[in-house]
Amino acid sequence: MTVVTRFAPSPTGYLHIGGARTALFNYLYAKHTGGKFLLRIEDTDRARSTQPAIEAILDGLSWLGLKWGGDVVFQFARAARHREAVDQLIAAGKAYKCFCTPEELTAMREEQKAKGLPQRYDGRWRERNSSEAPVGAKYAVRLKAPLDGETVLEDLVQGQVTVANTQLDDMVLLRSDGNPTYMLSVVVDDHDMNITHVIRGDDHLTNAFRQIQLFRAMGWTPPLYGHIPLIHGADGAKLSKRHGALGVDAYRDMGFLPEALRNYLLRLSWGHGDDEIISDAQAIEWFDVTNVGRAAARFDMAKLTNLNGHYIREANDTRLVELLTPMITQRINNAIDETIAGRLIRGMAGLKQRAKTLIELADSAAFYARKRPLTVDDKARAILADDGKEFLSVALPQLEARANWSAPELEAWARTTAEAKGLKLGQVAQPIRVALSGSTVSPPVFEVMEVLGKDESLARIGDAIKA
RNA sequence: GCUCCCAUCGUCUAGAGGCCUAGGACGCGGCCCUCUCAAGGCUGAAACACGGGUUCGAAUCCCGUUGGGAGCGCCA
């Protein structure tokens, strides 16, 4: 049997971090087993589903590199099929019409709450005949769920979970406007799409029992379920859209790489020995739903950031420059021409080692792209003031005379010069760094000189002396 | 309130009865390296929620307590 998993978000907002992890787990499990990973948009809530949300979800998944197989299934488009299933159930006496009004149900719940009773539909229309309803009254269709016994779920991550059927009420299958509910649609779609493994957040755990009952009523075999723990915020509270759960696009904008986010999300509630840096190939090889832990994990920005630094260091220079180009353009007042692009490519090796996010990388790379004369920050200005300019004035002609402009040669020159003048290497390097970058922090200064080239380097040093 | 789930350093986790003096990672402190900042190396502080069992032996099994979480919609 081929494994078929699915990610089934409702398009009521962006793809948030918890959903992204659910998608990741489904994706990895499918890849691990050589199966398929499908995408279904659960848009049966017509009032809250939006096109921008659909696009945000698709974009988010694509950015994260989670490719789904086949066409996206839009649930609402299958409403006719869902109604057909309900007709079948009514015909078989396994579902019935409920003529309760919303007000009546609210009143029922309030009464139950007041009495300290569990809030559940009491089945008042379960055995009544439709003829007892007012003519033309609207009705919903409910499942005639078993009244006694228990429903057992062999959950892939939670283990065996049993619930007494008295805890489960007769859920609505069809709304009074004739539209299918989530419960109905999920079951019919999971069946029709041949889903074998449903991996989702454990907020759906109780839904699984209802869904299993529906599967049985339809005479179908339920899929296997794996309910993964939710992700909490740094404060331990539930991570929801209104509580710090950002969309994956927000992480992209904060300068995170998709592979870093993937690696980070993978390690939430799942681990493989002491491994921390896990490649996509290893993730596919090692991941199994049954190894997912049962405790909720907190989201830790610091660890994500650390991981991101690792992946930036490993990233291809050309790719980084491409990602950085719009960000750097925004920081400087000129376009990135070939000369500057060349500098960025050559400088990336030194730059990327020092950045934890693309934002930091862009900030630290901008000086390579800036036009002369550079603006010098306050700390840097102080270096020029303390004998810095004086040193640069002496060094400039020496540098002008140099034929070889490679980093090792320049460093050798700096060491000899420092020794001759009784200076520390830092006293030579810092003024040059300031002149070249406008800052006290940069990649190794001789590397910067090489990347900038002789002409630009000398010009910048000249600017610093004049400033 | 009812039902269900969970519980190892601050955080993510390893740990499937003796291998645990509880390991790794992030973060934090120190040292080294060093032209700045990083990276890297070494190193330190830091946890089995509590109470009972079971067992020769428990972080690991059982029960209870406490603390967290999820669900209880004609939302998904």
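Note that the structure is predicted; figures quoted are calculated from it, not measured.
- The base of B:C5 does not come close enough to the side chain of A:R294 for any donor and acceptor atom to sit less than 3.5 Å apart.
- A donor-acceptor contact closer than 3.5 angstrom is absent between the side chains of A:R200 and A:T22.
- If you take CD of A:E314 and C1' of B:G40, they are 15 Å apart, rounded to a whole angstrom.
- Side chain of A:D274, nearest nucleotide from B:A14, B:C75, B:C6: B:A14.
- In the model, A:S279 has a side-chain atom that pairs as donor or acceptor with a side-chain atom of A:Q282 under 3.5 Å.
- Taking 3.5 Å as the limit, the base of B:A25 and the side chain of A:K303 contain a donor-acceptor pair of atoms between them.
- Set against B:A76, B:C74, B:G24, the side chain of A:E42 has B:A76 as its closest nucleotide.
- No donor-acceptor contact under 3.5 angstrom links the side chains of A:R109 and A:Q112, judged on distance only.
- Judged by distance alone, the side chains of A:D189 and A:H82 do bring a donor and an acceptor atom under 3.5 Å apart.
- By the 5.5 Å and 30° criteria, A:H310 is not stacked with the base of B:A39.
- Of the C1' atoms belonging to B:G51 and B:G44, the separation is 34 Å, rounded to the nearest Å.
- Nucleotide B:C2 has B:G71 as its partner under the Watson-Crick or G-U criteria, with both atom distances under 3.5 Å.
- Remark on RNA chain B: of its neighbouring residues A:V445 and A:L205, the 5'-side contact belongs to A:L205, judged by nearest-heavy-atom nucleotide.
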